[in-house]
Amino acid sequence: MMSQMPQLAACPSCEEPLESGDRFCGACGYDLTAVPAPPDDNPTVAVNGAAPRPPSAAASVDWPVAPEVDTSETPAPVVLPTDIDGRESAGSDSPGVRFDRPAQPSSPPAAPPLPPSPAPASQPAAQPGVQPAAQASAQASAEPDEYPLAAPLPPEVPADPRTADLPTPPAGLKVCVACRAGQVDRDGYCENCGHAQPRERDHMEQELGSVAAVSDRGLRHHRNEDAFTVSSTALSDGSPAVVAIVCDGVSSATRPDEASLAASRAANESLLAALPRGTHPQQAMHDAILAASEAVNSLADRSAPAHEHQPHVNAPACTIVGSVITPSLLIVGWVGDSRAYWVPVDRSSPPARLTEDDSWAAQMVAAGLMSEAEAYADERAHAITGWLGADAYELEPHTASFKPDRPGVVVVCTDGLWNYAEAAEEMAEVIPPDAADRPLHSAQVLVGHALDGGGHDNVTVAVVPFPAPSQGAGSA
């Protein structure tokens, strides 16, 4: 037992100095051999939330000596249950955490804590980790069955940006819609949190009498490079005319979104000016495409040296497709690969595609070098051979005039839609049967079809019923 007896420098009871080999304190008679040796096992650490007992109640429990912290002859101090403070889950200090073995301190305290009073002579010394049955029963009856925990602190709730008192931004500057604190830079990103701001053209819808259009950025592009205009007017004889223009910016060119917007507006203005003067709708459509081309050409950078063709300038470019609907005529015009489809209301006759693409695939099919399936399966299929822009090789507006013998709808769209319904029969299956009565709803359904299919490109579609209703007259 001597080999296991701790070498204490002072009496644990009265703190009087001790000499080496003392078995009893010379001042108070404390039995220095009462402290047992450390146990061989490693008890499990338990967290049960019980409050520690006062030293008098824990008198029969003799905590083992903590293992030495270094190789010196000075042992590590004894750690008592009452010396261990816990922390509740809510973060508040609490003595409710109890350990079945002492924690090893990082450095010894200045003075060892006082141990409990020695057990009476009539009571046998308790073994480490073992409680007498009587005391265990008394402790069980003294301890409550449930231990209340402090309520967690409520989380900090950020101020509602809709009701918070936020500073007014300087004139001409926009504030981030996400953090409501940072300013938005020229590229549309918040300088504070980096959040991309929604653009006005990310999703657009317009309904005007019997014509409606919807445009969406899609699921893959960072901006919407499509644009559209819908309007109505009256011909020289007073009969109504409905106009729909759809443009698709060429992504490989600079500022394609500006090109499509400028082209759609210029073509619409040209048609609204020409149709009331009595110009034939097909001629008016041809002139409108030329006006759109001039508007896109004016966006090109003229600072480079003048040449006949300047591919290095990478001028803004777009495609265009438009339709004019009168009580008896259906006119379409286009440059590029945006399309127009005809779908009869009663579905008793087959639908039809009204335009031919200015594309590599269309040229291969027209030349008889490939079948349509082979050409459109080629990776070069969507390479366009005609567009609006300063670097276009030659502008060839295409126009066509039709005289349908039954009511129907004209679907005017970019390739962001027809990539998911390429054949006329596929387009007729997607468009709702009541498209002539609900053009906006039908346009929404078509855009949703493209988004459900993957939304790899910007999607723009206009739905125009034929014939034009008499109540549709009026400028817009």
Salt bridge between Arg223 and Asp257, side-chain N to carboxylate O under 4.0 Å?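 Yes, Arg223 and Asp257 are salt-bridged.
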Note, [X] side chain near [Y] side chain (heavy atom, < 4.5 Å):
{"X": "Phe402", "Y": "Val332", "answer": "yes"}
{"X": "Pro351", "Y": "Trp342", "answer": "no"}
{"X": "Asp226", "Y": "Val459", "answer": "no"}
{"X": "His441", "Y": "Pro432", "answer": "yes"}
{"X": "Leu275", "Y": "Val243", "answer": "yes"}
{"X": "Leu388", "Y": "Leu395", "answer": "yes"}
{"X": "Leu330", "Y": "Leu354", "answer": "yes"}
{"X": "Pro439", "Y": "Val409", "answer": "no"}

Euclidean distance, [Y] [atom2] relative to [X] [atom1], rounded to 0.5 Å:
{"X": "Gln444", "Y": "His449", "atom1": "CD", "atom2": "NE2", "result": "16.0 Å"}
{"X": "Asp216", "Y": "Leu446", "atom1": "CG", "atom2": "CG", "result": "13.0 Å"}
{"X": "Arg217", "Y": "Asp457", "atom1": "CZ", "atom2": "CG", "result": "12.5 Å"}
{"X": "His286", "Y": "Ile331", "atom1": "NE2", "atom2": "CD1", "result": "14.5 Å"}
{"X": "Glu191", "Y": "Gln183", "atom1": "CD", "atom2": "CD", "result": "5.5 Å"}
{"X": "Asn268", "Y": "Ile245", "atom1": "CG", "atom2": "CD1", "result": "6.5 Å"}

Would you check if there is a donor-acceptor pair between the side chains of [Y] and [X] at a distance under 3.5 Å?
{"X": "Glu205", "Y": "His203", "result": "yes"}
{"X": "Ser260", "Y": "Arg201", "result": "yes"}
{"X": "Asp358", "Y": "His398", "result": "yes"}
{"X": "Asp248", "Y": "Thr414", "result": "no"}
{"X": "Ser359", "Y": "Arg380", "result": "no"}
{"X": "Tyr376", "Y": "Asp357", "result": "yes"}

So which atom in [X] and which in [Y] form the shortest heavy-atom distance, rounded to 0.1 Å?
{"X": "Pro467", "Y": "Pro327", "value": "CB-O, 3.3 Å"}
{"X": "Pro344", "Y": "Pro350", "value": "CD-O, 4.2 Å"}
{"X": "Leu329", "Y": "Ser401", "value": "CD2-OG, 4.0 Å"}
{"X": "Ser231", "Y": "Leu208", "value": "CA-CD2, 3.4 Å"}
{"X": "Ser349", "Y": "Arg406", "value": "OG-CD, 3.5 Å"}
{"X": "Tyr189", "Y": "Gly194", "value": "CD2-O, 3.7 Å"}

Donor-acceptor contact present, side-chain [X] to main-chain [Y], <3.5 Å:
{"X": "Asn192", "Y": "Ala181", "result": "no"}
{"X": "Trp334", "Y": "Thr399", "result": "no"}
{"X": "Ser210", "Y": "Pro465", "result": "no"}
{"X": "Glu374", "Y": "Ser371", "result": "yes"}
{"X": "Arg277", "Y": "Thr279", "result": "no"}
{"X": "Arg265", "Y": "Phe228", "result": "no"}
{"X": "Tyr393", "Y": "Gly386", "result": "no"}
{"X": "Arg255", "Y": "Leu299", "result": "yes"}

Before you tell me yes or no, could you show the steps for Thr319 and Cys247 under side chain to side chain contact (heavy atoms under 4.5 Å, CB included), namely the whole-Å CA-CA distance, both residues' side-chain angles and the distance that decides it to 0.1 Å? CA-CA 5 Å; Thr319 67; Cys247 295; 5.8 Å; no
Checking Met370 against Trp360 for the side chain to side chain contact (heavy atoms under 4.5 Å, CB included) test, could you report, in this order, the C-alpha distance in whole Å, the side-chain angles of both residues, the deciding distance, and whether it holds? CA-CA 11 Å; Met370 287 184 176; Trp360 179 90; 3.7 Å; yes
Intermediate values then yes/no, side chain to side chain contact (heavy atoms under 4.5 Å, CB included), Ser251 and Glu225: CA-CA 8 Å; Ser251 296; Glu225 297 170 354; 2.7 Å; yes
Can you check whether His382 and Trp418 have ring centres sitting under 6.0 Å from each other?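 Yes, the ring centres sit under 6.0 Å apart.
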Verdict with supporting geometry, Leu235 and Thr326, side chain to side chain contact (heavy atoms under 4.5 Å, CB included): CA-CA 9 Å; Leu235 302 178; Thr326 72; 3.9 Å; yes
Out of Ser338, Ser215, Ser264, which one pairs with Thr460 under the side chain to side chain donor-acceptor pair (under 3.5 Å) rule? Ser215
